[in-house]
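Below: the structure, in structure tokens.
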Amino acid sequence: IQGLTQSVRKATETFDAPPEFEPDGRYMEDPVSAFGVMEARRHRTRGISLAMFLGLFKYYRQAYLDCLNELPDWRPDRPMLRRYISRVFDLVEISYCQEWASVEGGEQLAELQTANRQVTNEKSKYLSLFESLPDPVLLLDNELQIDNANHAAQQLLDLPRGTEGEANDGQRPTLERVSALRQAVAGFSSGGTAEQTIPLELAVAGEARHYTVKLTRMLDISHRFSGVVVHMSDVTADWKARLALEASELRYRTLFNRSSDAIMTLTPGEGFVSCNPATLKLFGCADEAGFVSLFPGELSPRRQPGGQGSGELANQRMAEALEQGTRDFEWLHHRLDGTPFDASVRLTAVKLQGKPVLLATVRDISERKALQAQVQESLAQLQRSNEDLEQFAYVASHDLREPLRMVTSFLELLQRKYGGQLDEKADRYIHHAVDGAKRMEGLLRDLLDLSRVGRRGRPLIPAEMSSALDKALSSLGAVINEAEA
């Protein structure tokens with residue numbers, strides 16, 4: 001059609017009036033009829049007869065004249081255009097008739113043989129490509145019988161194929177073995193769509209395989225080879241990957257929703273994207289839509305306990321998380337009703353669809369902070385008690401040493417003056433009294449040293465314990481004897 005239209009346009013550009021015939025005209029060399037000569041050679045080598053080609057050409061002429069009749073009646077050039085079209089078609093017909101008659105029988109036979117070899121080569125190329133396709137492909141006729149199937153389709157569907165799509169018994173195989181595919185193809189064939197894609201599951205070697213089947217109508221304007229092209233793509237790997245992804249997403253969503261910590265996602269500079277139920281409970285929000293409509297600054301006081309502005313400090317923490325990957329810190333939040341609470345926050349940088357997103361985990365640590373304050377207060381009280389005890393021990397040991405020193409002095413004087421003058425029993429009693437007073441003085445001195453340890457911060461060092469044990473046993477001798485231990 002494009003070639004014929006080009007011939008008509010060339011005639012209107014070459015001739016001021018519709019061209020006339022001449023007895024000795026060289027129509028085969030006329031540029032207007034060159035398309036006719038080319039088409040005559042092409043169709044003749046395909047085995048088309050002159051009568052068949054002329055009959056087809058008459059329909060083309062009528063189609064152009066019908067188009068001309070669609071022009072408005074008021075156009076004055078309609079008769080002239082009709083004569084141009086008629087004359088061009090006459091010239092083309094004369095030219096290809098001359099071309100057809102100029103070929104001898106032997107030459108025409110050689111042309112047919114050459115064309116047949118070309119067709120055979122084209123067919124071999126098509127079959128090679130068709131059989132080499134890794135995906136199964138079926139060509140079905142209007143009766144939904146398999147007109148042809150490539151090697152992959154034969155292997156998959158176990159088709160009993162003979163020559164050119166026929167089974168060994170001479171009958172074309174059908175899709176009865178794959179009822180789901182046959183039903184889909186039947187529905188497509190009776191419909192009006194040009195193509196359709198359907199999912200299909202097949203058992204192959206005891207394993208379920210998943211396919212995407214694309215159904216396409218054959219593009220043949222002659223309607224001699226109408227039917228359906230079935231293209232099957234194995235998507236089992238993609239199907240399994242999708243199932244794994246869905247399972248992973250379900251696990252994540254379950255953990256996300258059941259976590260006792262508040263978890264939310266936010267885009268720096270834009271706001272929240274999503275949150276879990278614990279987030280709604282922590283901040284006192286009714287639903288996720290209401291929460292994501294909030295700006296992060298609405299969940300914090302204007303300033304943090306350190307004096308920095310919440311907005312400025314939050315931007316700094318988010319920038320650090322994006323740079324380092326993770327950032328942990330403590331933060332003062334408040335609920336929607338204004339109630340403040342201390343929180344530990346972890347920001348983790350992730351990418352969703354190539355876009356940087358922060359995953360924020362927030363935990364209320366108000367109780368922990370209160371316990372820490374109580375512990376600190378208890379430690380402070382204990383420190384004060386220890387200091388008081390140390391002071392008391394220091395004062396007591398210091399003050400008791402003076403009267404004890406006097407007792408010890410008089411006992412030693414008594415021992416020196418009357419030692420050996422009294423009986424043996426009296427000497428032993430005086431000895432025990434002097435020894436006890438000295439040990440008492442040693443204990444007070446040790447207690448004084450112990451009270452100074454906390455204030456002076458002297459390091460602890462290893463000590464020999466046998467002598468200390470002996471002294472302790474000696475000091476407790478009377479108690480041990482009374483208890484008969």
Side chains of [X] and [Y]: do they bring a donor and an acceptor to under 3.5 Å?
{"X": "Gln154", "Y": "Asn150", "result": "no"}
{"X": "Thr236", "Y": "Asp234", "result": "yes"}
{"X": "Thr265", "Y": "Ser274", "result": "yes"}
{"X": "Thr216", "Y": "Glu195", "result": "no"}

I want to check something: taking the side chain as every heavy atom from C-beta on, are [X] and [Y] in contact at a cut-off of under 4.5 Å?
{"X": "Ile263", "Y": "Cys275", "result": "no"}
{"X": "Val92", "Y": "Phe57", "result": "yes"}
{"X": "Leu266", "Y": "Val273", "result": "no"}
{"X": "Leu379", "Y": "Val375", "result": "yes"}
{"X": "Leu282", "Y": "Phe341", "result": "yes"}
{"X": "Gln381", "Y": "Arg384", "result": "yes"}

Hey, is [X] close enough to [Y] for a salt bridge, meaning N to O under 4.0 Å?
{"X": "Lys369", "Y": "Glu367", "answer": "no"}
{"X": "Glu323", "Y": "Arg317", "answer": "no"}
{"X": "Glu246", "Y": "Arg251", "answer": "no"}

Mark yes or no: Arg82 above the aromatic ring of Tyr64, with NZ or CZ under 6.0 Å from the six-membered ring centre and no more than 45 degrees from the axis.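 Here Arg82 fails the 6.0 Å and 45° test against Tyr64.
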
Please name the pair of heavy atoms, one in [X] and one in [Y], separated by the smallest distance, quoted to 0.1 Å.
{"X": "Ala184", "Y": "Leu215", "answer": "O-CD1, 3.9 Å"}
{"X": "Asp135", "Y": "Met232", "answer": "CB-O, 3.2 Å"}
{"X": "Pro296", "Y": "Gly271", "answer": "CD-CA, 4.3 Å"}
{"X": "Ala152", "Y": "Pro134", "answer": "CB-O, 3.6 Å"}
{"X": "Ala278", "Y": "Asp261", "answer": "CB-O, 3.4 Å"}
{"X": "Asp364", "Y": "Asp342", "answer": "OD1-O, 3.2 Å"}

Approximate separation, where rounding is to 0.5 Å, of [X] [atom1] and [Y] [atom2]:
{"X": "His334", "Y": "Glu298", "atom1": "NE2", "atom2": "CD", "result": "8.5 Å"}
{"X": "Glu320", "Y": "Thr326", "atom1": "CD", "atom2": "OG1", "result": "12.0 Å"}
{"X": "Ser344", "Y": "Arg363", "atom1": "OG", "atom2": "CZ", "result": "5.5 Å"}

Should the heavy atoms of other residues, nucleotides or ligands under 6.0 Å from CZ of Arg335 be counted, would the total exceed 12?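 Yes, because the 6.0 Å sphere around CZ of Arg335 holds more than 12 heavy atoms from other groups.
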
Between His151 and Phe130, does the ring centroid distance fall short of 6.0 Å?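 No.
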
Using 30° and 60° as the class limits, which term best fits the ring planes of His210 and Trp239: parallel, tilted or perpendicular? parallel

Where does the angle between the aromatic ring planes of Trp331 and Phe329 fall among parallel (under 30°), tilted (30 to 60°) and perpendicular (over 60°)?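 Taking Phe329 first and then Trp331, their aromatic rings stand perpendicular (interplane angle over 60°).
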
